There are 2 protein chains.
Amino acid sequence: MILQAAKVQFAAHGLNGARMQTIADEAGLPKANVHYYFKTKVSLYLAVLDDIIDRWNEFQDIQIDDDPAEALDRFIRSKVRFSFEDPVSSRLFASEVLQGAPHLGGYMREQLRPWVQHRTDVIQGWIDAGKMRAVDPMQLIFLIWSSTQHYAAFEPQVLSIMNKPRYEPKMQAEVSNFLSNLILTGCGLTPPEPS
Amino acid sequence: MILQAAKVQFAAHGLNGARMQTIADEAGLPKANVHYYFKTKVSLYLAVLDDIIDRWNEFQDIQIDDDPAEALDRFIRSKVRFSFEDPVSSRLFASEVLQGAPHLGGYMREQLRPWVQHRTDVIQGWIDAGKMRAVDPMQLIFLIWSSTQHYAAFEPQVLSIMNKPRYEPKMQAEVSNFLSNLILTGCGLTPPEPS
DNA sequence: GTCTATAAGCTGATAGAC
DNA sequence: GTCTATCAGCTTATAGAC
């Protein structure tokens, strides 16, 4: 699969650093075939980016009527799951932003910003209703994004410090439980039972 | 300054993606001069990496006798300061790890792992002494790293969502206060007065 | 659609004058 | 030490047979 091979290379080396030859090798094709399906390197890069944007925020909405503890717990677990199940997409997103997000500016303005705006409104509503501590809703979202994505983008560092060759199966649950417990407690909420 | 220009380019594009010509242009020198001071691209890259490793964890030690709230507050603020005052170094570190940390493996094993080991021991000591809630000390360190570094590595995303062209001066204090307050509360500690 | 061969231009690195 | 000119090899992309 060309897109998958390209995603891995672009995630690790960025647009400039990735090599069409390497992508072709990883996909098991002659380089010319890659250019048959994707005329230029940039168009391949954009195709890969489009592919991940769709699933970036696919978890269910949060609503003003939701229980804050349950909704935030779901949010956090959904993000941790994404990090562990599709770490390459997380890395590609991080790589693109590190380069200044030159190909994601439109997406951020037109899709991600309203997405965040809606969530901050809901969280502020919970705060105004006295359902949770008064914390900055936008910074809370950034905290959840950063702490969950860390295990994908910084996997080599985490593994090196834990002195392990790869994540163990229980790791995802441990991270979910830790983050949900600490963040919800930090918001003055009672964390749900660990699942 | 060659090292500074190189740091910016390597941070944004990685080792393979950065261009010696661009580095030379940004430093205001002919490309040949860069090669006079640094024989190869890799040696320049390593020089830049060495330059940031020294200051990566320069804040003062935490000790078992410290007050947990004060020590963690200092830790968090120190990391936020680093993110806002030297975001390029944070980005370069992130870029290198995204590429699999091929040039930082030794540093992580020999320096960073013992560094973390010592801190987790201290935090576990606090927990055993009943001074704070029982949370996983290593994951707590990862949480502080990820949440503080986010504002450097993901600056374009944060700014785009906040609809601002650059960080305002008060941003660093707001982030420090938010993170310190939420994380310490999450640890069952009473946050110090915001500074 | 797939593949080999190759063109056209870019990139890291050096030679050599000053 | 600094600079211009240039080389050798790499990289993207295409041409053209099958």
Side-chain angles (χ1 to χ4, degrees), chain A residues 1-52 88-89 91-105, chain B residues 1-53 88-89 91-106:
Chain A
M1 181 62 173
I2 295 175
L3 281 174
Q4 181 57 28
K7 195 193 281 188
V8 172
Q9 292 304 310
F10 285 133
H13 303 288
L15 172 59
N16 285 350
R19 299 288 169 245
M20 295 297 278
Q21 185 65 65
T22 307
I23 292 170
D25 292 347
E26 294 291 316
L29 293 168
K31 192 178 51 168
N33 290 33
V34 178
H35 277 101
Y36 174 76
Y37 290 104
F38 301 93
K39 195 139 185 48
T40 68
K41 191 184 187 181
V42 170
S43 69
L44 174 57
Y45 185 72
L46 292 176
V48 173
L49 274 187
D50 275 345
D51 199 46
I52 68 165
V88 179
S89 292
R91 282 183 211 126
L92 176 58
F93 193 87
S95 169
E96 163 69 11
V97 177
L98 269 180
Q99 292 171 53
H103 304 90
L104 280 181
Chain B
M1 180 62 176
I2 295 173
L3 281 174
Q4 181 57 27
K7 196 192 283 189
V8 171
Q9 291 305 309
F10 285 134
H13 303 288
L15 172 57
N16 285 349
R19 299 290 169 243
M20 294 297 279
Q21 185 65 64
T22 307
I23 293 170
D25 292 347
E26 293 292 315
L29 294 167
K31 191 175 55 169
N33 290 32
V34 179
H35 277 101
Y36 174 77
Y37 290 104
F38 301 93
K39 196 138 185 50
T40 68
K41 191 185 188 181
V42 170
S43 69
L44 174 56
Y45 185 72
L46 292 176
V48 172
L49 273 187
D50 276 345
D51 199 46
I52 69 165
I53 284 179
V88 179
S89 292
R91 282 184 211 126
L92 176 59
F93 193 87
S95 170
E96 163 70 10
V97 176
L98 268 180
Q99 290 172 53
H103 303 91
L104 280 181

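All chains are named by letter (A, B, ...) in the order of the sequence lines, taking the proteins before the strands, and each is independently numbered beginning at 1. All of these numbers come straight from a predicted model, not from anything done at the bench.
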B:D50: which residues meet the side chain to side chain contact (heavy atoms under 4.5 Å, CB included) condition with it, sequence neighbours left out?
none

Which residues pass the side chain to side chain contact (heavy atoms under 4.5 Å, CB included) test with B:A11, sequence neighbours left out?
B:V88, B:R91, B:L92

Please name all residues satisfying ring pair (Phe, Tyr, Trp, His ring centres under 6.0 Å) with B:F93, sequence neighbours left out, ordered by chain then number.
B:W56

Output field dot_bracket for DNA chain D (Watson-Crick or G-U, both distances under 3.5 Å, | for other-strand pairs) contains ||||||||||||||||||

My understanding is that only residues two or more places apart in sequence, or in another chain, count here; which of them pass side chain to side chain contact (heavy atoms under 4.5 Å, CB included) with B:A47?
B:L3, B:F38

Has the side chain of A:K7 got a donor or acceptor atom that lies under 3.5 Å from a matching backbone atom of A:S89?
no

Can you sort out which residues in residues 35-48 of chain B have a heavy atom within less than 4.0 Å of DNA chain C? Ascending by number, please.
B:H35, B:K39, B:T40, B:K41

According to the side chain to side chain donor-acceptor pair (under 3.5 Å) rule, which pairs have a member within residues 95-104 of chain B, sequence neighbours left out?
B:Y45-B:E96, B:S95-B:Q99

With side chain to side chain contact (heavy atoms under 4.5 Å, CB included) as the test, would you mind laying out the steps for B:L49 and B:F10 before giving the verdict?
CA-CA 10 Å; B:L49 273 187; B:F10 285 134; over 6 Å; no

Keeping to residues at least two apart or across chains, list the salt bridge (charged side-chain N to carboxylate O under 4.0 Å, His left out) pairs with something in residues 26-37 of chain B.
none

Sorted by number, residues from residues 24-34 of chain B placing a heavy atom under 4.0 Å from DNA chain D are B:P30, B:A32, B:N33

Check side-chain hydrogen bond (donor to acceptor under 3.5 Å, both in side chains) between B:Q4 and all other residues, then give those that pass, not counting sequence neighbours.
none

Counterpart residues, side chain to side chain contact (heavy atoms under 4.5 Å, CB included), relative to B:N16 (two or more places apart)
A:H13, A:R19

As an exercise, state the distance from CE of B:M20 to CD1 of B:I23, rounded to the nearest 0.5 Å.
5.5 Å

Working to the nearest 0.5 Å, report the span between CG of B:L46 and CG of B:L104.
9.0 Å

Mind running a 4.0 Å heavy-atom check of residues 8-23 of chain B against DNA chain D and sending the residues that fall below it, in number order?
none

